[in-house]
Asks: 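This is the structure I want to talk about, given as structure tokens.
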Amino acid sequence: MFDFTEEQIKRYSRHILLPEVGGQGQKKLNQAKVLLVGTGGLGSPAAFYLAAAGVGTIGLIDADVVDFSNLQRQILHSTPDVGRPKVISAKEKMQALNPDVEVVTYQALINSANALDIIKDYDIVLDGSDNFPTRYLVNDACVFQGKPLVHGSIFRFDGQATTFLPEDGPCYRCLYPDPPPPGLVPSCQEAGVIGVLAGVIGVVQATEAVKLILGIGQPLKERLLIYDALDLAFRTVKTRRDPQCPVCGENPTIKELIDYEQFCSI
Amino acid sequence: MSIQVRIPTPLRKLTGNQAVVSASGGNIKTLLESLESSYPGIKERLSDEEGNLRRFINIYVNEEDIRFQQGIQTQVKPGDDVSIVPAIAGG
């Protein structure tokens, strides 16, 4: 009925058994296109689960190569991958897990020159980047193109996640109007992050993507999920669309993408 | 009964690693002054020279973002739950 092979019926059987998914939902997953910005701590678990779920096309954009310091949390990459491009290392693991998935790689920094062109081909964007300039750029590009954006961020023992839907609730700039100026946030080397935190938040992002594709449940929209790993406590606070928002408000002043000066934020 | 304020991990150095501290109320402006007197240095991490909340830091009173209420003039009373939540960018 849905043109699955015998192997696919077995592979996706635990999904197909769910009345909320079924063959039809699995087909939606197989036809969906999701872009992951960053293939690091958040991108690794998100990409791995989305590949396992059979999301048909997964785009990976990341300019970095694998470093020993990544391996404590970036579970798609292994010791022999040190020095190799993250997108290539990630693609190999994802395709070994599920050859149904087409993995499109962009070994580049996402910036004002390429963002719109890359994002336009995808249904949903997951932001697992590691710096504020990229987060504002990806937000603005998603607003301009009307794409759902699933945000995840981690720092030390704290995690945050929320889903921004076009024309339906706030965007990232409504939540945090401006990035911190350089110097007010600890540098990459000083801060640190507990590795397992990336798994929790990355998998929340993947959960949101799967739900959006299937059209089931309540998205994490107009809510910010705050996770404190030390207390093992999840809380949500309300987020609101800001009518004064410079990008999605009533009189937007930001009409094209901005490359903020790169600075170290984690 | 005082007001419970949740402190994010980056600021816990200033609160002796306490995740939740007590402060006296009125409004957010006076609450921040009360925090500053107990934990010197915290106010400048949260507000700029004019006393306005920094734009990458949100304060929630009982889950509501004060920016969509009365900003630092938002009233807080004993029993309220105040959370300080900074933007974080790690991935």
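Chain A is the first sequence line, chain B the second, and so forth, proteins listed ahead of strands; every chain is numbered from 1.
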Asks: Taking everything shown except A/Tyr106 itself, do over 12 heavy atoms lie less than 6.0 Å from its OH?
Replies: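 Result for OH/A/Tyr106: enclosed.
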Asks: Which answer fits A/Leu230, side chain, backbone, both or neither, if we ask what part of it has an atom under 4.5 Å from a heavy atom of chain B?
Replies: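 It is the side chain, since no backbone atom gets that close.
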Asks: Quick one: does A/Tyr176's side chain get under 4.5 Å of B/Ile88's, heavy atoms only?
Replies: no
Asks: Regarding A/Asp158 and B/Arg6, does a basic nitrogen lie under 4.0 Å from an acidic carboxylate oxygen?
Replies: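 No, this pair does not count.
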Asks: Within the supplied structure, the quantity of interest is the number of heavy atoms (other residues, nucleotides, ligands) at a distance under 6.0 Å from B/Lys29 NZ; does it exceed 12?
Replies: no
Asks: Would you say CG of A/Asn251 has more than 12 non-hydrogen atoms from neighbouring residues, nucleotides or ligands within 6.0 angstrom?
Replies: no
Asks: Could you look at A/Asp228 and say if it's the side chain, the backbone, both or neither that has a heavy atom under 4.5 Å from chain B?
Replies: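 Side chain only.
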Asks: Looking only at heavy atoms, which two atoms of B/Ala87 and A/Tyr172 are closest? And how far apart?
Replies: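 Closest heavy-atom pair between B/Ala87 and A/Tyr172: CB-OH, 4.3 Å.
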Asks: Is it the backbone or the side chain of A/Arg241 that comes under 4.5 Å from a heavy atom of chain B, or both, or neither?
Replies: backbone
Asks: What part of A/Leu197 is in contact with chain B, defined as an atom under 4.5 angstrom from a non-hydrogen atom: side chain, backbone, both or neither?
Replies: neither
Asks: Do B/Val85 and A/Leu224 make a side-chain contact, defined as non-hydrogen atoms from C-beta onward lying under 4.5 Å apart?
Replies: yes
Asks: Determine the option with the most heavy-atom pairs under 4.5 angstrom with chain A, choosing from B/Pro8, B/Ala19, B/Pro86.
Replies: B/Pro86
Asks: Rounded to the nearest 0.5 Å, what's the gap from CZ on B/Arg67 to OG1 on A/Thr239? Could you check?
Replies: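 So the CZ of B/Arg67 and the OG1 of A/Thr239 are separated by 10.5 Å.
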Asks: Answer yes or no: is there a donor N or O on one side and an acceptor on the other, between the side chain of A/Arg135 and the main chain of B/Ala89, under 3.5 Å?
Replies: yes
Asks: Return the CD1 to OG1 distance between A/Ile194 and B/Thr9, rounded to the nearest 0.5 Å.
Replies: 11.5 Å
Asks: How close do A/Phe155 and B/Pro10 get, heavy atom to heavy atom, and via which atoms?
Replies: CE2-CG, 3.3 Å
Asks: Say whether, by atom type as modelled, one donor and one acceptor occur between the side chain of B/Glu63 and the main chain of A/Arg235 under 3.5 angstrom.
Replies: no
Asks: Could you tell me whether A/Lys238 and B/Glu64 have a side-chain N and a carboxylate O separated by less than 4.0 Å?
Replies: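 Result for this pair is yes, salt bridge flagged.
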